[in-house]
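This report refers to the structure that appears directly beneath it.
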Amino acid sequence: MVDVSRVQKELTECNRDREVSGVSIALHDGANISHLTGTIAGPADSPYEGGTFTIDIRLPGGYPFEPPKMQFVTKVWHPNISSQNGAICLDILKDQWSPALTLKTALLSLQALLSSPAPDDPQDAVVAQQYLRDYPTFAATARYWTEAFAKSASTGMEEKVQKLVEMGFPEELVRSTLKSVDGDENMALEKLCSV
């Protein structure tokens with residue numbers, strides 16, 4: 001059974017300084033504490049700068065003694081992240097996990113991974129080869145994917161969140177509802193009004 005009080009505390013802690021850290025977490029569907037959505041700002045001075053990356057987070061019953069299952073929802077061109085399904089190769093999400101770590105530290109580690117790929121331990125061999133053999137093409141492709149997949153959705157998303165929050169809905173609920181309807185503002189408003 002997931003430690004609900006710990007997870008609630010972690011959510012509060014993570015979202016407290018999201019403007020500084022560049023990471024945040026919300027309930028995926030507004031109710032289930034074991035299914036969350038993380039958001040990471042692309043690190044400065046990287047091909048991912050300016051992008052907002054969404055991470056699907058599932059907490060196993062043994063959390064925090066078992067690592068969270070994390071997967072990129074936003075498509076990303078990176079040696080340690082599958083360009084096909086968003087699977088992540090990061091030791092702390094596998095055998096190096098410790099209950100002392102938190103969801104925030106895991107998201108910050110993913111953000112650091114975006115800055116410092118480990119092409120010698122790849123999740124996506126094609127991307128890793130490109131990174132090692134033709135870095136300029138890798139960087140251009142990563143920037144293109146960031147523009148195409150991590151910026152377009154997030155640009156209008158913040159405006160939609162702001163509009164719905166101004167209508168009196170709680171921000172966390174607004175974000176999770178918008179995500180559940182792929183950013184469709186009208187469908188989100190309908191869902192929010194029917195709650």
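Predicted, not measured: the structure shown is a model, and the values here were computed from it.
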field: side chain to side chain contact (heavy atoms under 4.5 Å, CB included) assessment of Gln8 paired with Ile33
entry: CA-CA 8 Å; Gln8 288 173 330; Ile33 197 112; 3.7 Å; yes

- request: Check the hydrophobic clustering (I, L, V, M, F, W, Y; side-chain heavy atoms under 4.5 Å; chains of links allowed) and say if Val165 and Leu178 are grouped together.
  value: yes

Any Ser176 side-chain heavy atom under 4.5 Å of Thr37 side chain: no

statement: When rounded to the nearest 0.5 Å, the distance separating SG of Cys14 from NZ of Lys9 is 14.0 Å

message: Working to the nearest 0.5 angstrom, can you tell me the gap between Lys163 NZ and Met167 CE?
response: 7.0 Å

query: Considering the options Thr102, Val7, Leu11, which one meets the side-chain contact (heavy atoms from CB on, under 4.5 Å) requirement together with Ile25?
result: Leu11

query: Once you round to the nearest 0.5 Å, how far does CH2 of Trp77 lie from OH of Tyr131?
result: 14.5 Å

Indicate every side-chain donor-acceptor pair of residues 188-195 with a distance under 3.5 Å to a residue at least two apart or in another chain.
from: Lys191; atom 1: NZ; to: Ser180; atom 2: OG; distance (Å): 3.3
from: Ser194; atom 1: OG; to: Glu190; atom 2: O; distance (Å): 3.4
from: Ser194; atom 1: OG; to: Lys191; atom 2: O; distance (Å): 2.9

query: Shortest non-hydrogen contact from Gln123 to Ile81?
result: CB-N, 3.8 Å

- line: Between Glu172 and Asn15 the two heavy atoms that sit nearest each other are OE1-ND2, 4.2 Å

Can you give the donor-acceptor pairs under 3.5 Å from side chains of residues 109-121 to other protein atoms, not counting sequence neighbours?
from: Ser109; atom 1: OG; to: Thr105; atom 2: O; distance (Å): 2.9
from: Gln111; atom 1: NE2; to: Ala41; atom 2: O; distance (Å): 2.9

task: Please test Ile88 against Leu93 for side chain to side chain contact (heavy atoms under 4.5 Å, CB included), starting from the C-alpha separation and ending with a verdict.
output: CA-CA 8 Å; Ile88 302 163; Leu93 294 179; 4.1 Å; yes

message: Checking Thr141 now: which residues fulfil side-chain hydrogen bond (donor to acceptor under 3.5 Å, both in side chains) with it, not counting sequence neighbours?
response: none

query: Considering all heavy atoms of both residues, which atom of Ser21 and which atom of Leu108 are nearest to each other, and what is their separation?
result: O-CD2, 3.9 Å

- prompt: Do Val2 and Leu107 share a hydrophobic cluster (ILVMFWY, side-chain heavy atoms under 4.5 Å, transitive)?
  reply: yes

List the atom pairs, with distances to 0.1 Å, where a side-chain N or O of residues 55-66 and a protein N or O form a donor-acceptor pair under 3.5 Å, not counting sequence neighbours.
from: Asp56; atom 1: OD1; to: His35; atom 2: NE2; distance (Å): 2.6
from: Asp56; atom 1: OD2; to: Arg58; atom 2: NE; distance (Å): 3.1
from: Arg58; atom 1: NH2; to: His35; atom 2: NE2; distance (Å): 3.3
from: Tyr63; atom 1: OH; to: Glu10; atom 2: OE1; distance (Å): 3.0
from: Tyr63; atom 1: OH; to: Glu10; atom 2: OE2; distance (Å): 2.7
from: Glu66; atom 1: OE2; to: Gly62; atom 2: N; distance (Å): 3.4

- request: With rounding to the nearest 0.5 Å, note down the distance linking CD in Gln96 to CG in Leu101.
  value: 9.5 Å

side-chain hydrogen bond (donor to acceptor under 3.5 Å, both in side chains) against Glu171, all qualifying residues, sequence neighbours excluded: Arg18, Arg175

- prompt: Do Tyr135 and Gln130 come close enough that some side-chain heavy atom pair is under 4.5 Å?
  reply: no

message: Set out, in order, the CA-CA distance, both residues' side-chain angles and the distance that settles side chain to side chain contact (heavy atoms under 4.5 Å, CB included) for Lys75 and Ser83, then state yes or no.
response: CA-CA 6 Å; Lys75 289 177 73 76; Ser83 59; 5.8 Å; no

- prompt: Can you find a heavy atom in the side chain of Ile40 that is under 4.5 Å from one in the side chain of Thr52?
  reply: no

- prompt: Do any N or O atoms from the side chain of Ser46 and from the backbone of Gly42 form a donor-acceptor pair under 3.5 angstrom?
  reply: no

field: For Thr137, side-chain hydrogen bond (donor to acceptor under 3.5 Å, both in side chains) partners two or more places apart
entry: Asp134

message: So Trp97 and Pro68, do their side chains get closer than 4.5 Å, heavy atoms only?
response: yes

query: Using the ring of each side chain (for Trp, its six-membered ring), is Phe149 parallel, tilted or perpendicular to Trp145, with breaks at 30° and 60°?
result: perpendicular

query: Does a side-chain heavy-atom distance below 4.5 Å link Asn85 with Gln71?
result: yes

field: Nearest atoms (heavy-atom pairs only) where Phe138 meets Pro79
entry: CE1-CD, 3.9 Å

task: Taking Asp3 for its side chain and Arg6 for its backbone only, find out whether a donor-acceptor pair lies under 3.5 Å.
output: yes

message: I'd like to check Leu27 versus Leu36 (side-chain heavy atoms, cut-off strictly below 4.5 Å). Are they in contact?
response: yes

query: Closest approach of Pro47 and Ala139, non-hydrogen atoms and distance?
result: CB-O, 3.8 Å

query: Under the 3.5 angstrom rule, does the side chain of Asp29 hit a backbone N or O of Asn32 as a donor-acceptor pair?
result: yes

task: Quick one: do Leu103 and Met70 satisfy side chain to side chain contact (heavy atoms under 4.5 Å, CB included)? Show the steps, please.
output: CA-CA 10 Å; Leu103 295 170; Met70 294 188 173; 4.1 Å; yes

message: Using only atom types and a distance under 3.5 Å, with no angle test, would you say the side chain of Glu147 pairs donor to acceptor with the backbone of Arg143?
response: no

- request: Would you check if Thr74 and Thr146 make a side-chain contact, meaning some heavy-atom pair closer than 4.5 Å?
  value: no

query: Is the closest side-chain heavy-atom distance between Lys104 and Asp17 below 4.5 Å?
result: yes

